[in-house]
Amino acid sequence: MLDLKFIREHADIVKNGIKLKKADDNIDAILVLDQQRRTLIGEGEGLKAKRNEVSSKVGQMKKSGEDAGAVIEEMNAVKTRIQQIDDELKITDEKMEDLLLTVPNIPHPSVPVGTTPDDNKSIFEWGEKPQSDFVLKPHWDITGKLGIIDFERGSKVAGAGFPFYVGKAATLQRALINFFLDQASERGYTELQAPIVVNKESARGTGQIPDKEDMMYIATRDDLYMIPTAEVPVTNFHRKETFEEKDLPVKYAGYTPCFRREAGSYGKDVRGLNRLHQFDKVELVKFVHPSTSYDELETLRTDAEHLLQLLGLPYRVLLMCTGDMGFTQTKKYDLEVWAAGQQKWLEVSSCSNFESFQARRMNIKFKSRETGKQEFVHTLNGSGLALPRIVAAIIENNQTPEGKVIVPKVLQQYTKFAVIE
RNA sequence: GGAGAGGUGUCUGAGUGGUUGAAAGAGCCAGUCUCGAAAACUGGAGUAGUCGCAAGGCUAUCGAGGGUUCGAAUCCCUCCCUCUCCGCCA
């Protein structure tokens with residue numbers, strides 16, 4: 001969420017940002033409410049000051065044996081009024097909270113203005129798309145023949161979108177996870193193994209609720225939310241905490257399964273591993289000093305790209321336009337890997353800067369040496385990387401005419417085999 | 001799951017209705033002393049909201065949320081968490 005003070009003082013900037021994000025503009029309502037709220041606070045605090053003063057006088061009177069009956073009687077009226085004001089204020093605050101949650105983060109000036117995915121800018125491309133004299137097959141054909149991913153039994157046991165990985169596919173996934181985590185720790189990320197369910201407060205902290213509540217599986221009996229990404233527990237790791245400035249940036253890499261209901265996306269790119277209800281992902285999360293967050297976004301992106309380069313997978317980098325960026329980000333890059341069998345780009349990472357948007361919701365600060373004040377940190381995260389689509393791309397790009405799959409060299413020390421056949 | 005104990009500022013730890021935002025000690029920052037440091041001494045220091053050009057004032061905050069009261073860290077209720085014992089268990 002944005003700072004109410006910032007909205008109050010820069011309503012025009014915020015309104016413009018809302019327009020660019022194609023969100024609902026509730027700023028005028030917020031400003032009205034803000035005014036009401038401050039009036040109530042003013043009156044309430046005045047009365048409370050009086051109450052405190054008189055109450056301590058009552059104490060003294062009683063001590064010295066005077067009769068305080070009349071004063072107490074008088075304070076009863078004040079008490080009632082304070083109660084009224086507090087009740088009103090509570091309602092106002094709740095309304096304000098609801099409205100503030102509808103205000104999106106404001107895009108960074110470097111982000112291209114646009115409304116649809118077509119307006120996203122491809123800013124970098126790496127690698128050669130595989131050429132071959134035989135027809136490259138989509139991964140589901142290959143895995144079916146090799147018997148290494150079992151969608152049917154997954155459906156039987158859990159439902160569509162919950163496949164089993166069998167034998168070497170399972171090993172390949174495990175290898176990728178280890179490879180990603182090892183790479184991350186080499187680049188200064190602390191490995192974190194996180195809960196895969198979170199409570200309501202955490203889900204709210206990173207913005208999954210109320211914005212995207214229907215994307216999540218919910219264990220209602222215990223009021224727990226299954227995480228759609230490790231971003232949720234890992235960012236909440238430091239909820240309501242204050243860093244020392246010298247400790248920033250703080251960087252984590254977390255591997256978790258991720259659960260997404262994908263409501264409303266049925267029939268869209270759902271074949272094979274392209275879109276699953278459960279998948280594995282290594283997520284990179286950073287808590288940084290505000291002055292460095294855009295540099296940190298670039299290195300975050302590079303850290304993720306590096307993995308694709310080591311795997312030898314052709315990819316491109318998209319700078320997302322204002323309208324396609326999402327509610328909470330100020331700037332976002334998507335990394336898309338080329339899947340030769342489908343002749344398609346698949347998103348495997350999304351690297352975002354949230355500035356203080358999440359930090360404010362979660363109350364994550366640092367103590368500034370310069371001002372001695374506490375300020376909100378900036379948070380960033382990016383996948384490093386999402387597994388199933390990487391598996392799909394490896395299978396499709398590294399397939400042989402006989403339908404075997406060559407394991408990328410960097411993974412072979414993890415898999416202990418070089419070919420899936 | 002059952003039975004107990006407890007949650008106070010950076011930490012230790014006092015405080016069971018009336019100058020308690022909160023004793024005391026440690027730690028931290030600044031100053032004095034010193035060639036410098038240590039020690040000693042003096043002073044300062046939470047967070048948030050709100051009013052104010054500012055100085056500063058006011059309000060809230062002793063796990064969270066309600067309640068009782070003129071007045072709550074202190075009494076009552078609900079919830080959360082930690083610890084000990086028992087049970088169950090990967």
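The chains referred to below are lettered A, B, ... by the order of the sequence lines, with proteins before strands, and numbering in each begins at 1.
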Atom-to-atom span, CG of A/D67 to P of B/rC70 - whole angstrom: 14 Å

Take A/R51 and A/K365, find for each the nucleotide of RNA chain B with the closest heavy atom, and name the residue whose nucleotide sits nearer the 5' end. A/K365

What is the distance, to the nearest angstrom, from the CD atom on A/E73 to the P atom on B/rC70? 9 Å

Atom-to-atom span, CZ of A/R8 to C1' of B/rC51 - whole angstrom: 12 Å

Partner of B/rA37 under the Watson-Crick or G-U wobble criteria, both distances under 3.5 Å, comes out as none

Please classify the nucleic acid contact of A/K373 as base, sugar-phosphate, or nothing, using heavy-atom distances under 4.0 Å. nothing

Provide the Watson-Crick or G-U wobble partner of B/rU61, both distances under 3.5 Å; none if there is no partner. B/rG46

Nearest 0.5 angstrom please: A/D324 CG to A/T116 OG1, how far? 7.5 Å

When rounded to the nearest Å, what value does the distance between P atoms of B/rA26 and B/rG43 take? 14 Å

With C1' as the reference atom in both, quote the distance from B/rA90 to B/rG13 in angstrom, rounded to an integer. 40 Å

Roughly how far apart, to the nearest Å, are B/rC70 and B/rU12 at atom C1'? 37 Å

First encountered from the 5' end of RNA chain B, between A/D87 and A/N76: A/D87

If pairing requires Watson-Crick or G-U wobble contacts with both distances under 3.5 Å, which nucleotide is the partner of B/rC70? B/rG18

Taking atom P in both B/rG17 and B/rA3, what distance in whole Å separates the two? 30 Å

Determine all donor-acceptor pairs shorter than 3.5 Å in which one atom belongs to a side chain in residues 84-98 of chain A; sequence neighbours excluded.
from  : atom 1 : to    : atom 2 : distance (Å)
A/Q84 : OE1    : A/R81 : NH1    : 2.7
A/D86 : OD1    : A/K48 : NZ     : 3.3
A/T92 : OG1    : A/E88 : O      : 2.8
A/D93 : OD1    : A/R37 : NE     : 3.1

Could you tell me how far B/rG15 sits from B/rG6 if I compare only their P atoms? Round to whole Å. 13 Å

Cut-off 3.5 Å, no hydrogens considered: what does the side-chain donor-acceptor table look like for residues 346-357 of chain A, sequence neighbours left out?
from   : atom 1 : to     : atom 2 : distance (Å)
A/S349 : OG     : A/S383 : N      : 3.4
A/S349 : OG     : A/S383 : O      : 2.7
A/S350 : OG     : A/D334 : OD1    : 3.1
A/N353 : OD1    : A/E355 : N      : 2.7
A/N353 : ND2    : A/S293 : OG     : 3.0
A/E355 : OE2    : A/Y294 : OH     : 2.5
A/S356 : OG     : A/R360 : NH1    : 3.4

For atom P, what is the distance between B/rA54 and B/rG49, given to the nearest Å? 15 Å

List in chain and number order the residues that pass side-chain contact (heavy atoms from CB on, under 4.5 Å) with A/V197, two or more places apart in sequence or in another chain; answer none if no residue qualifies. A/L224, A/M226

Rounded to whole angstroms, how far apart are CG on A/N363 and C1' on B/rA48? 9 Å

Heavy-atom contacts, protein to nucleotides 61-66 of chain B, under 4.0 Å, summarised as B (base), S (sugar-phosphate only) or - (none) per nt, yield -----S

Rounding to the closest angstrom, what is the interatomic distance between B/rG57 and B/rA45 at atom P? 11 Å

With the threshold set at under 4.0 Å for non-hydrogen atoms, list the residues of residues 34-43 of chain A touching RNA chain B in residue-number order. A/R37, A/R38, A/I41

Applying the Watson-Crick and G-U wobble criteria at under 3.5 Å, what pairs with B/rU10? Answer none if nothing qualifies. B/rA26

Pair partner, B/rG4 [Watson-Crick or wobble, under 3.5 Å]: B/rC83

Ring-face cation contact, A/F164 with A/R153, 6.0 Å cut, 45° max: no

A/I82 CD1 to B/rG67 P, straight-line distance once rounded to whole Å: 13 Å

Between protein and nucleic acid, restricted to nucleotides 16-23 of chain B and to nitrogen or oxygen atoms under 3.5 Å apart, what atom pairs and distances do you find?
from   : atom 1 : to    : atom 2 : distance (Å)
B/rG18 : N2     : A/S55 : O      : 2.8

Mind checking the C1' distance from B/rC29 to B/rG67? Whole angstroms is fine. 42 Å

Result of checking A/F237, A/F366, A/F287, A/F376 against A/F243 for ring-ring contact (aromatic ring centres under 6.0 Å, His included): A/F287

